[in-house]
Amino acid sequence: MHTFVRPSTFTLADVDRKLNAAKLSLPKAQQLTPPDSSSEGGSSPSEADYFPEFPSEEVRPLDQCIAIFEKGPRPASASLALLNDEEVIQLADAGKIAAYALEKLLGMDALERAVRIRRALISRASSTQTLESSAIPHESYDYSRVLGACCENVVGYIPIPLGVAGPLKVDGVSYPIPMATAEGTLVASTSRGCKALNAGGGVTTVLTADGMTRGPAIDFPSLVQAGQAKAWIESEEGYSALRTAFESTSRFAKLKSLKTALAGRTLYIRFTTATGDAMGMNMISKGTEKALDALQKRFPGMVILALSGNYCTDKKPAAINWIEGRGKSVVAEAVVPGHVVKNVLKTTVQDLCNLNIKKNLIGSAMAGSIGGFNAHAANILTAIFLATGQDPAQNVESSMCMTLMEPTNDGEDLLISVNMPCIEVGTVGGGTVLGPQQGVLDMLGVRGAHPTQPGKNAQTLARIIASAVMAGELSLMSALAAGHLIRAHMAHNRSQVNTPAPSAPVTPGPQSNTVPAQLARSNSGRSPFSPLTPLTPSMSQLSLSKLRR
């Protein structure tokens, strides 16, 4: 009998050695005996086919691989462990196993192998055939947290640079501001805003509302019945019945309000619910479904068209979110001393306030914006969303923001505030189960559910996000007022060193016939607008001179 010492890193080869050892340790009578030739299906593979010497680089014929998979040890993961990657790929190509089910078939101990095999299958079936050997990483990642929770058909993961701005004092506590982004200057600019806000004592926040929403669409046989249902829902009896059904699905889901609207004989109901420290979409969907069951008992003729009828509204711009709020509604405020505006931000209180009115308020109104009365709130919010495991698609409504600036203290200092009514975040569930994202939440002290006050961790995260958005708004508006924005981006976003090589073949495009002589000489006759031409200092100077004019 062979004995093995458990290695510090458990590999596929270890699985196969253990399988062979188990086979050798059994008495002959207890070992797997292949069916004889008289059994249904005719001849069968030999014992060597079931217990091959492994690892082996030889790829056996498809029929042998099928026999091992279908008639070998059980569960299926034990049979697949006897096959090398190329043999498993053969089975997938032959339709014997599905690429999306590789994790289930190979087992929890071979999740990385499942990803590796899927990469090969997808790569070889594609026109470019690059995925299998690409720079997209797939090793040394905890896929057990992804499986069944965060993503399907996984072929790897995408690392995003993680920077930290700040620290920023929020309600008397200093927090580092984690930002996952590929945009140069964003972290540095936000840090400058944090410095200016801290100089005035930091940021004060107020949480004005907390409630996730779901808005199903329901058809009724007639407008009269739809109106009757609307009236019943708005009655004390109806609201009580729906709330009881809704809250029976979770100890954290607490129904706060119901808002109804009729469009013909279609009724829309907007459920607003407290969801603890979870962002809450799954929780509120489950409760809404239960409440609709109760409503259907009262109105059996109704037809539920969709659990989400876009009356929520999720991942789309909507006035109802801007007016009613969704998720966490936060208002943040700070005073920036005038000398800081002058020495750190390189502008004046008067210029900042004037620019904010003309750009963020009037300019956005001229464009017909909904909740877009800001400079770049989505930039900061999305970077923090990615770093903390939030749903990045919810930046559509979460980044709705109005930035206000006015002089204070006899016009010497700057009073700045941001109003963000739809910050949709959680500290449990979704992407917050992933290791790196949990590390970021740990850094902020808001990981998981709050032990004594359900919802407080998620609310704190929303307060931090609103405060960080304010820092980003302050810095960008100051750069615009001082005329520094283009210079900063030219230095950090468009440097020659970091300009990647172009894709091949080069995409053809129109060429300019009026190339300035200075640029033509600097590029040895090549058009400066060719994709192959790196950005030169002379081009930066030309761009700046045009902007100044």
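Every value quoted in this text rests on a predicted model; they were computed, and no experiment measured them. Sequential numbering from 1 along the given sequence is applied to the chain's residues.
The number of heavy atoms from other shown groups lying within 6.0 Å of CG (N343) is above 12. K254 NZ: more than 12 foreign heavy atoms inside a 6.0 Å radius. K316 NZ: more than 12 foreign heavy atoms inside a 6.0 Å radius. For E234, the CD atom is densely surrounded, since the number of other residues' heavy atoms within 6.0 Å is greater than 12.
Closest approach of N321 to C422, counting heavy atoms only: O-SG, 3.1 Å. Heavy-atom minimum distance, E247 versus L255: OE2-N, 3.0 Å. Heavy-atom minimum distance, A180 versus I160: C-CG2, 3.8 Å. For N198 against P167, the heavy-atom pair with the smallest separation is ND2-O, 2.7 Å. Residues T388 and T432 share a closest heavy-atom pair of O-CG2, 3.5 Å.
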Assess the residue pair I269 and L295 against the criterion (side chain to side chain contact (heavy atoms under 4.5 Å, CB included)); give the C-alpha distance rounded to whole Å, side-chain angles, the decisive distance to 0.1 Å, and a yes or no.
CA-CA 11 Å; I269 312 173; L295 181 64; 4.0 Å; yes

Determine, step by step, whether V418 and N374 satisfy the side chain to side chain contact (heavy atoms under 4.5 Å, CB included) criterion, reporting the C-alpha distance in whole Å, the side-chain angles of both residues, the deciding distance to 0.1 Å, and the verdict.
CA-CA 9 Å; V418 295; N374 59 83; over 6 Å; no

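The closest side-chain donor-acceptor pair between S369 and S364, if any, does not fall under 3.5 angstrom. Side-chain atoms of T313 and E397 form no donor-acceptor pair, as typed in the model, at a separation below 3.5 Å. Judged purely by distance below 3.5 Å, without hydrogens or angles, the side chains of S308 and R214 pair a donor atom with an acceptor atom. A donor-acceptor contact closer than 3.5 angstrom is absent between the side chains of R145 and Q437. Residues N360 and T403 have side chains that never bring a donor and an acceptor to within less than 3.5 angstrom of each other.
To the nearest 0.5 angstrom, R265 atom CZ is 4.5 Å from D219 atom CG. Taking CE of M279 as the start and NZ of K328 as the end, the distance is 9.5 Å to the nearest 0.5 Å. Here CG of L168 is found 10.0 Å from OH of Y175. Values are rounded to the nearest 0.5 Å. Rounding to the nearest 0.5 angstrom, the gap separating the NZ atom in K315 from the CG atom in D391 is 4.0 Å. In this structure, L267 CG and K230 NZ are separated by 8.0 Å, a value rounded to the nearest 0.5 Å.
Using a 30° and 60° split on the angle between ring planes, Y157 and Y141 fall in the parallel class, below 30°. Ring pair F271/F246 is parallel by interplanar angle, where below 30° counts as parallel and above 60° as perpendicular.
Between the side chain of E412 and the backbone N or O of P337, no donor-acceptor pair lies under 3.5 Å. Listed for the T460 side chain is a donor-acceptor partner under 3.5 Å among the backbone atoms of K456. Under a 3.5 Å cut-off, the side chain of H376 and the backbone N or O of G472 do form a donor-acceptor pair. The backbone N or O of L131 lies less than 3.5 Å from a partner atom in the side chain of S134, making a donor-acceptor pair. D171 places a side-chain N or O within donor-acceptor distance of the main-chain N or O of T205, the cut-off being under 3.5 Å. Distance alone, capped at 3.5 Å, places no donor-acceptor pair between the D277 side chain and the G426 backbone. In this structure, the side chain of T273 does not engage the main chain of T275 through any donor-acceptor pair within 3.5 Å. Checking side-chain atoms of R270 against main-chain N and O of Y311 turns up a donor-acceptor pair under 3.5 Å. Between the side chain of N457 and the main chain of G448, a donor-acceptor pair closer than 3.5 Å is present. Remark: the backbone N or O of N395 is not paired with any side-chain donor or acceptor of S398 at under 3.5 angstrom.
The pair D314-R326 counts as a salt bridge, with a side-chain nitrogen and a carboxylate oxygen less than 4.0 angstrom apart.
Of the candidates N419, L207, D210, T208, S329 forms a side-chain contact (heavy atoms from CB on, under 4.5 Å) with just one, namely T208.
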